[in-house]
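The structure appears below as C-alpha cells.
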There are 2 protein chains.
Amino acid sequence: MIKPLFWEDNRLFIVDQTLLPLEYKQIEIKNHLDMADAVKRLAIRGAPAIGIAAAAGLVVGLKSFINSGSTIFLEKLDEITAILNSTRPTAVNLSWALKRMKSVAKSMKHKPVPDIWDRLYQEALTIHQEDIAMCQAIARHGQNLIPEKANILTHCNTGGLATGGLGTALGIIITAYQNGKDIHVYVDETRPLLQGARLTAWELTEEKVPYTLISDNMAAYVMSTQNIDAVIVGADRIAANGDTANKIGTYGLAVLADFHNVPFYIAAPSSTIDPGIQSGQQITIEERDGNEVRNLFGTQISPMNSKAISPAFDVTPNKLIAGIITEKGRFGTPYNFL
Amino acid sequence: MIKPLFWEDNRLFIVDQTLLPLEYKQIEIKNHLDMADAVKRLAIRGAPAIGIAAAAGLVVGLKSFINSGSTIFLEKLDEITAILNSTRPTAVNLSWALKRMKSVAKSMKHKPVPDIWDRLYQEALTIHQEDIAMCQAIARHGQNLIPEKANILTHCNTGGLATGGLGTALGIIITAYQNGKDIHVYVDETRPLLQGARLTAWELTEEKVPYTLISDNMAAYVMSTQNIDAVIVGADRIAANGDTANKIGTYGLAVLADFHNVPFYIAAPSSTIDPGIQSGQQITIEERDGNEVRNLFGTQISPMNSKAISPAFDVTPNKLIAGIITEKGRFGTPYNFL
C-alpha cells in the first residue's frame, strides 16, 4: 500500500511528494521543525495525512525533552503544537489531531515525562491506525454511489498519499475497481501544484486503474462529451451546514457538475467536519505564494513581474453537494452537522 | 504595436510565440512548409493571425514557381493551399483566407504568372490591413460593454499576437484601458499551452494594463469573491446559430459566468462566422497530442505512460453567450448568421 508516512526502528520517515512522479524519495523527519517545513512545502499533504503528520511531528519534536522536567515538557508541548498548527490554516484535521494529543498529555500531567511521551507516541500510532480503518469505512459507504460501469471525475489527490490508509474519494474509486466494477477515472491535473497529474495519476498507475489525465479546464468538455456518472472529491474543512472547503477548483467543478446533472460527492473523515463553524463564509482560505502560479516545477511560465494569486482552497456551497460520505455513513441534504 | 507576422524587404518573418515570454525571437518563413510547421506547432496562432499567416505562407510558397508556366503555378497553388489548410482543422479563418487567395488567382488565370503572384502578394497584405481595421472596429463596438471601473476575466490570448492588429477580446479590454477606464484583468493561464500566462500576461505587461494571473481552475473562486463585470473571449469558429468554438476551457467559463450572473461575450472577426454550419455539433474539434497535457514547457508532470487527451477547443452553446462582437457591430440572442 502507498504510505506517505511511516515509522521504522522508532525513526519517522515521509515520502517527499513534491518530487513525485519523477522521483520516489523518503526523507527522515528528525524533529518538529522538519515536519513543519514538510507540511508547509507540501512534501506531505492531504487533510487526513497532515493530521497524522502533525501528531507524529509532535512526538519526534518532544523526544529531546524526554529527560526534562514535566513543566518544561508541557511548555514545549504547547510551543511545538502552536508551530505545527500554524503550517496550514484551512485543514481542520491538523488542529483536530494536535488538540487530541494535547488533551492526552494534559490528562497525564502528573505522570513521569517518559510515560507521557510513550503515551503520545502510542496516540500518534492510534490516530494513524484509526485513519486506516476510517478510509476502509468510507470506501465501503461509498460503493453504492458507483454504478457497475462508471466514468468518474476527480480532482486533486485523495488517495493513499493523502491519508494514512487507502484514501477517501480515491479510496472509494479504487475499491470499486478492485471489486470488479468497470471504472474509468478522469483526473484533473489540479493546478497550480498538479497533485492530480503528479500524485493521483501515479497512484492509479500503481493500482492499474484505467484513467485519462485532463487539464482542469477540460472538465466541462468531458462532462458534455463523455458520460460522467459522478464527481467525487475530498475535503479540507466542512462547515456544520455542509459547505465544504477543498482544493482550489473544486467549487467550479461543482457548478459544472450541477449544470450537467452529474452528482457531486464529498468523501472525507468525520474529523474534517468542523461543527464550530456554521457556514463556509467563516472558513479561512489559505493564500499561498503567487509563484506557485507563475512557475511550474521550477519553470517560469509568465512575465517575472506578473501579479498572481494562489488561493489553496475554495468553498463549495452545500446546495451543490449531492452527498457527503464519512466513515460514519452517507449524509444527504439538508446537512446539519451541529 | 505587437506584431506576430511582418514583411521586411520582401522577406517574411514571424515571432516564435512558443518561446514567449522567456524569449522574443523572430524567425524567417522561407516557404509554405516553414509556415505550415509554424502554424502546426503554434509558433503563430490565434484565429485571425493564422488567416493572415496562411495567405502569406501561400505567397512565399509560390515564389519558387514564379518562372514556371501558368498550369504548374496553379497546380502548386492548389497543392500548397491544401497543405496549409490541413494544419489546423477548427479555425475557419485559415480556410477563409486561402479560399479568398485562390479565387483571386483563378480570376487571373490567363494573366502572366509574375502578375498573378504580385496580385496574390498584394491580396495577402490587404488581408492583413483589413485585419488591422477589423480589430479597431471590434474594439470600438465593444467599448460600451465595459463599465468605467471594471474587472474583466479573459481566457487564452486574443491580443496583438493573435491578430494582425490590436486584437479582438483583448483589443476591447486594452482600448478601454487606454480610453481612461479603470480596468483590472483576470487572466486565465489557459492550459495546456499557457497562452494566457505566456502571451496575454506578456501583452498586458507591455501595455501596462493591471492584471492578475490565475490558474484556470480559480475562475469560479474569482467570480464568487471579486466583482467580475464581464468575461470576454475570442472565437475560432462560430456557427450560424451562435454556438462558438474557442480555446478549451471557454465552455466551462461560460457555464461559470452563467451561474454567477456575469455577462459572457465573444469578440471575433465576422470571418470567424461559418454560416455553412448550423450549430456547434457540426464543428470538428482538433484533438492535439496528449503530451501537451503530460508535459509543460518540456517538464514531465505525470507518469510517462499516463493516457491524456488534449482537445484544442470546446463549443459554447449560444444560450450562454450574452453578445457576439464583430467588426460589423454587436449581435445579441437569438443569433442568426445565415
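Just so it is clear, the structure is predicted and the values come from calculations on it, not from any experiment. Quick note on labels: first sequence line is chain A, next is B, and so on, each numbered from 1.
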Counting only heavy atoms not in [X], do more than 12 fall under 6.0 Å of its [atom1]?
X: B/Q26; atom1: CD; value: yes
X: A/K3; atom1: NZ; value: no
X: B/Q278; atom1: CD; value: no
X: A/Q226; atom1: CD; value: yes

Considering all heavy atoms of both residues, which atom of [X] and which atom of [Y] are nearest to each other, and what is their separation?
X: B/E189; Y: A/I301; value: OE1-CD1, 3.6 Å
X: B/N217; Y: A/I248; value: ND2-O, 3.5 Å
X: B/F259; Y: A/Y251; value: CE2-OH, 3.6 Å

**Request:** Under 4.5 Å, counting heavy-atom pairs only, tell me which of A/G252, A/S306, A/G196 racks up the most with chain B.
**Result:** A/S306

**Item:** Pick from A/G290, A/A201, A/A254, A/S310 with the largest number of heavy-atom pairs that fall under 4.5 Å of chain B
**Value:** A/A201

**Asked** Do the non-hydrogen side-chain atoms of A/L22 and B/Q300 ever get within less than 4.5 Å of each other?
**Response**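 Contact flag for A/L22/B/Q300 side chains = yes.
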
**Asked** With chain A, which of B/M218, B/R198, B/K247 has the greatest number of heavy-atom pairs at distances under 4.5 Å?
**Response** B/M218

**Prompt:** Picking from B/P311, B/S224, B/A219, which has the most non-hydrogen pairs under 4.5 angstrom with chain A?
**Reply:**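 Result: the option with the highest number of such pairs is B/P311.
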
Quick check on [X] against chain A: is it the side chain, the backbone, both or neither that has a heavy atom closer than 4.5 Å?
X: B/L320; answer: side chain
X: B/D258; answer: side chain
X: B/T299; answer: side chain
X: B/P303; answer: both
X: B/V222; answer: side chain

**Asked** Out of curiosity, B/I309 CD1 to A/T225 OG1, how far, rounded to the nearest 0.5 Å?
**Response** 6.5 Å

**Distance (rounded to the nearest 0.5 Å) between A/L194 CG and B/S215 OG** =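 If we round to the nearest 0.5 Å, A/L194:CG and B/S215:OG are 8.5 Å apart.
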
**Prompt:** Residues of residues 207-214 of chain B under 4.5 Å from chain A (heavy atom pairs)?
**Reply:** B/Y211, B/T212, B/L213, B/I214

